[in-house]
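Shown next, in structure tokens, is the structure this report addresses.
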Amino acid sequence: MNIVYLSSEAVPFAKTGGLADVCGTLPREVAALGHRCTVIIPAFRSVRRSGCKIETTDQSFAIPMTPTKLIGGRLLRSHLPDSNVEVLMIDQPQYFDRPSLYGDASGDYPDNAERFTFFCRAALVALQRVGKRVDVLHCNDWQTGLIPGLVRTHRKKLPVLKDTATIMTIHNMAYQGQFPSDAFPLTGLDWPEFNHETYEYYGYMNYLKAGIAMSDLVTTVSPRYAMEIQTPYHGCGLDGVIASRGGRVVGITNGIDTSIWNPETDDALAARFTVGNWQEGKVANKRSLQAEFGLELNDDVPMIGLVGRLADQKGWDLILPVIEQHVAEKRPTQWMVLGSGDPRIEAELTRLAELAPKQVAAHVGFNDSLAHRIEAGADLFVMPSHYEPCGLNQLYSLRYGTVPVVTPTGGLADTVVDTSAETLAKETATGFHLRENSPRGLDEAIGRALYLRYHEKKNWADLVRRGMTCDWSWRKSASQYVELYENAVSLIASPDE
Ligand code: ADP
């Protein structure tokens, strides 16, 4: 099959979160199964600074965004590392050559509707210029949500898309790309195409809704989240739209790129380690973090790691009070936090680190190497998310022998098995679930984890080793995606089935 992935992020070119990990890895894995894969992303400033070799092409185009505004663009070309997966980049400096992908300290860029409408329209032009017949267009998140509808409208005019199936993957239901309806004309479509079965959501233009409503199949990134988004709390207003797609909604758990996330080969680490010498490996990496961040030098103190976007989703309203309590009560714990995002949370973290510099270290910013080192040096990894479509950090934690403490929601519930007498006996336990979604619930779950670490050392070692040997590589998920693509293609071939 010839499969094209559309996304605003893909490692190693542009990343703010898990979307980038998925779109930089899944195509490589699917290509390894014998399919031809291409990725299309915007040529953000970070793409040029990624250090990857990028070629210019002679392909340029112009898109009429309004009757009086013709915006030009051109195609750049590269490859996903160590693969034959071609990456096409839509180069339009006015839209994409900016310091960040989606916005700055004052919020989202005000022209995001225009930027990503241009991206979607340009991506379709790019496909025609490249001239490949496409079997599956795999769209990811709201930034690509217009594609299924555009394909539907323009299919007859575009031979390359004649028999193309579209798939919309939701990586996070909370980000929908909703704008006033005056964004609609940017699509170049006529007003009758704007209605409640297509792009319209209560008078607004909603990009994710459009993708969900008009794609051939809808997926999300864990089976549990696929069910959850059909409920009002997790559906963020689109639960009805999802439910209306019935059996066409599928959950496939993300994998991890084990060529990048592997403690045996990870160049970022102070010491690499295997499942056979995890204890020494952890101590060496912990010491190195303690020295670098001025924490108390102590091999035995449990280090609690956190890496993630500083966004409400991730449960900072639980984490910050628990850190504060541990500091106030001088508990024997150490906290190593990395994150960027909401300035209020950044300020709180910095305050706590200044209050107890030997107990709390907070690095505000995006730092890939430090993320690896925290996964390696910490004993526990805390992820009390209010919702979590899949989550990757808990999977990295498992692989690095760092026991995850998580809310049992979405992909966290699907990938971390809570420790109990029963799961210890069945040898399935891999981490700890919060029993209550509150600071008290988080502290209690950390308490259960630390009890095991200090008082049931054999069980703790088993837990660590089991997590390290769980197979969360992309192999299984990539095969599931291929099956899904075959399904989508057959739906197009016999649409009435
Ligand atoms: P989400 O996609 O909701 O942000 P995931 O757990 O699925 O959450 O993926 C987050 C990815 O982004 C992981 O690869 C994580 O290591 C990375 N990440 C998040 N914040 C940072 C940061 N400040 N520095 C480095 N990596 C980060």
Side-chain angles (χ1 to χ4, degrees), residues 7-26 46 100-102 140-143 169-175 220-222 224-225 229 234 236 251-263 266 268-269 289 305-316 319 336-343 345-346 349-350 361-378 381-400 402 404-407 409-416 431 472 474 477:
S7 172
S8 56
E9 304 186 20
V11 283
F13 301 105
K15 169 166 173 172
T16 66
L19 170 67
D21 299 70
V22 175
C23 294
T25 314
L26 173 63
S46 69
S100 306
L101 271 52
Y102 310 120
N140 293 276
D141 274 354
W142 76 263
Q143 295 85 354
T169 293
I170 303 160
H171 296 260
N172 193 331
M173 197 67 156
Y175 299 90
T220 186
V221 288
S222 68
R224 173 79 65 118
Y225 194 60
I229 54 177
H234 289 98
C236 306
I252 300 178
T253 309
N254 287 335
I256 61 174
D257 185 340
T258 47
S259 68
I260 298 177
W261 292 94
N262 181 352
D266 193 333
L269 307 192
L289 285 170
L306 294 111
V307 178
R309 286 182 294 114
L310 302 183
D312 294 342
Q313 173 198 343
K314 302 290 178 186
W316 295 100
I319 298 162
M336 182 68 239
V337 189
L338 165 65
S340 64
D342 188 333
I345 306 175
E346 287 184 4
L349 281 172
T350 309
H363 183 93
V364 169
F366 197 92
N367 186 325
D368 192 48
S369 143
L370 181 55
H372 285 243
R373 288 182 286 131
I374 292 176
E375 290 290 8
F381 192 92
V382 166
M383 224 167 150
S385 307
H386 292 294
Y387 68 91
E388 195 59 75
C390 177
L392 291 170
N393 278 313
Q394 83 281 13
L395 302 180
Y396 301 147
S397 302
L398 289 169
R399 186 148 180 101
Y400 281 64
T402 305
V405 176
V406 304
T407 325
T409 181
L412 296 175
D414 283 343
T415 58
V416 177
W472 289 111
W474 266 104
S477 318

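None of these values were measured; they are calculated from a predicted model. When a ligand or atom number is given, it counts from 1 through the structure's own listing order. The first residue of the sequence shown is numbered 1, and numbering continues consecutively from there.
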re atom 23 (N) of ligand 1, the protein heavy-atom contact at minimum distance is Gly365 O, 2.8 Å
Would Ala20 count as a contact residue for ligand 1, given that I'm defining contact as a non-hydrogen atom of the residue lying under 4.0 Å from a ligand atom?
no
Atoms of ligand 1 under 4.0 Å from any heavy atom of Arg309, numbered from 1 in the order shown, are 1 (P), 3 (O), 4 (O), 20 (N)
among protein heavy atoms, the one nearest atom 22 (C) of ligand 1 is Phe366 CD1, 3.5 Å
The answer for which part of Asp21 has a heavy atom under 4.0 Å from ligand 1 is side chain
For atom 7 (O) of ligand 1, the closest protein heavy atom turns out to be Leu392 N, 3.3 Å
**OP:** Please check if the side chain of Thr169 supplies one atom and the backbone of Thr220 the other of a donor-acceptor pair under 3.5 Å.
**Re:** no
- Message: With a cutoff of 4.0 Å, is Gln394 in contact with ligand 1, counting heavy atoms of the residue only?
- Response: no
- Thr16 and Glu9: side-chain donor and acceptor closer than 3.5 Å? yes
Short side-chain donor-acceptor distance under 3.5 Å, Tyr225 and Asp414 | no
Would you check if there is a donor-acceptor pair between the side chains of Asp21 and Tyr396 at a distance under 3.5 Å? yes
for atom 16 (O) of ligand 1, nearest protein heavy atom and its distance come out as Asn393 OD1, 3.1 Å
Closest non-hydrogen contact found for Tyr400 with Asn262 is OH-N, 3.0 Å
Atom 2 (O) of ligand 1: of Gly308, Gly18, Ser385, the nearest heavy atom sits on Gly18
Self-check item: Donor-acceptor pair, side chain of Trp474 and main chain of Gly255, under 3.5 angstrom
Solution: yes
Looking at His171, Glu9, Lys15, Glu388, the heavy atom closest to atom 14 (O) of ligand 1 belongs to Lys15
### Message
Looking at ligand 1, would Gly391 count as a contact under a 4.0 Å heavy-atom criterion?
### Response
yes
Taken in chain and number order and not counting sequence neighbours, the residues that satisfy salt bridge (charged side-chain N to carboxylate O under 4.0 Å, His left out) with Arg399 are none
Backbone N/O of His386 and side chain of Thr407: donor-acceptor pair under 3.5 Å:
no
Among non-hydrogen protein atoms, atom 1 (P) of ligand 1 lies closest to Lys314 NZ, 3.5 Å
| In terms of ring plane angle, is the pair His372 and Trp261 parallel, tilted or perpendicular, where the classes change at 30° and 60°? | parallel
Short version for Asn367: what comes under 4.0 Å of ligand 1, heavy atoms counted, is backbone
